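Atoms within each ligand, like the ligands themselves, are counted from 1 in listed order. Everything numeric here is computed off the predicted structure, so don't read it as measured data.
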Amino acid sequence: MLIRPGGTELYTDYLSLAAQTDMVAAVRSLLNAAPLYTPTMPRTGKSMSVRMTNFGKTGWMSDHKGYRYQVNHPDTGAPWPDIPESILSVWRDLLPDQPLPDACLVNFYDQDAKMGLHQDRDEQDFSVPVLSISLGDTALFRLGGTKRGGKTQSFRLSSGDVMLLRGEDRLAFHGIDRIYPGTSQLLKNGGRINVTLRKAL
Ligand code: MD6
Ligand code: FE
């Protein structure tokens with residue numbers, strides 16, 4: 001489904017249940033090598049409600065010093081594990097003409113977690129789209145324009161949905177207002193995983 005021509009694309013039910021299950025297993029198998037960390041807000045140092053980790057050459061993080069990509073895990077100092085093939089293949093299928101992603105951010109939401117409106121603008125080349133995969137409980141996603149404070153629209157992202165932000169919407173403000181607990185059986189303890197693929201370097 002096209003949300004906005006030339007901008008946001010939503011592929012509902014893109015992944016089969018089997019593919020979703022495989023992807024969750026692949027993510028979980030890498031959490032020993034790349035444990036979830038709790039990012040904190042620039043300047044205030046306040047903890048975010050979402051826990052994160054990364055796969056790929058470089059990973060996104062946030063702490064009191066600001067947002068950035070870095071090649072080492074903030075807690076362990078280890079390099080990030082490679083992006084699993086099951087995740088990369090979604091990019092290959094939907095974006096065959098784009099360079100491969102070098103950053104895979106994994107967001108873990110418990111039932112009370114949310115994410116404030118933000119732009120993805122820490123990457124070097126905004127002409128490459130961002131691809132996001134939703135797993136587990138349904139989330140309420142809010143999408144605005146490229147200026148903060150403008151009109152927004154909201155839609156639900158369910159397990160197996162894939163979204164692309166590209167073109168004009170590559171720099172659109174967006175966030176997660178809430179999680180709907182108990183809407184998916186995919187994760188044994190409930191909650192939601194969002195996997196975002198980007199070319200950062
Ligand atoms: C989330 N997603 O779905 C948060 N960013 O949990 C994002 O921040 C995001 O879904 C860029 C492109 C697509 C996204
Ligand atoms: Fe984002």
Identify the closest protein heavy atom to [atom]: which residue and atom is it, and at what distance?
| atom | result |
| --- | --- |
| atom 11 (C) of ligand 1 | Asp120 OD2, 2.9 Å |
| atom 3 (O) of ligand 1 | Arg192 NH2, 3.0 Å |
| atom 2 (N) of ligand 1 | Asn194 OD1, 3.6 Å |
| atom 6 (O) of ligand 1 | Tyr109 OH, 2.3 Å |
| atom 13 (C) of ligand 1 | Ser132 CB, 3.5 Å |

According to side chain to side chain contact (heavy atoms under 4.5 Å, CB included), who are the partners of Ala33, at least two apart in sequence or on a separate chain?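 Ala33: side chain to side chain contact (heavy atoms under 4.5 Å, CB included) contacts with Pro81.
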
Any nitrogen or oxygen of Thr196 lying under 3.5 Å from a nitrogen or oxygen in ligand 1? Just yes or no.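 It does not: no N or O of Thr196 is found under 3.5 Å from an N or O of ligand 1.
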
I want to check a possible cation-pi pair here: Arg192 against Tyr109, using under 6.0 Å from ring centre and within 45° of the ring axis as the test. yes

Rest of the hydrophobic cluster containing Leu201 (Ile/Leu/Val/Met/Phe/Trp/Tyr, side-chain heavy atoms under 4.5 Å)?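 Joined to Leu201, directly or through intermediates: none.
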
Any idea which heavy atoms bring [X] and [Y] closest together, and the distance?
| X | Y | value |
| --- | --- | --- |
| Ala103 | Tyr69 | CB-CE2, 3.8 Å |
| Arg148 | Leu117 | NH2-O, 3.5 Å |
| Ser134 | Leu157 | OG-CB, 3.6 Å |

Within the structure provided, determine whether Val50 and Asn194 are in side-chain contact (heavy-atom separation under 4.5 Å).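 Contact flag for Val50/Asn194 side chains = no.
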
Donor-acceptor contact below 3.5 Å, side chain Asp82 vs main chain Gly56: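 Judged by distance alone, no pair lies under 3.5 Å.
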
So if I count the atoms of ligand 1 from 1 in the order they appear, which ones are less than 4.0 Å from some heavy atom of Val130?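 So the atoms of ligand 1 that pass are 11 (C), 12 (C).
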
Which of the atoms of ligand 1 are close to Phe141, meaning less than 4.0 Å from one of its heavy atoms?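 Result: 10 (O).
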
Which side chain to side chain donor-acceptor pair (under 3.5 Å) pairs, counting each pair once, include a residue from residues 32-50, with sequence neighbours left out?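 Only Tyr37-Asn54 qualify under side chain to side chain donor-acceptor pair (under 3.5 Å).
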
Looking at Asp63 and Arg68, does any basic side-chain N land under 4.0 Å from a carboxylate oxygen? yes

Candidate with minimal heavy-atom separation from atom 5 (N) of ligand 1, of His174, Arg170, Met163, His118: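 Heavy atom nearest to atom 5 (N) of ligand 1 belongs to His174.
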
Within a distance under 2.8 Å of the Fe ion (ligand 2), the protein atoms of type N, O or S are His118 NE2, Asp120 OD1, His174 NE2

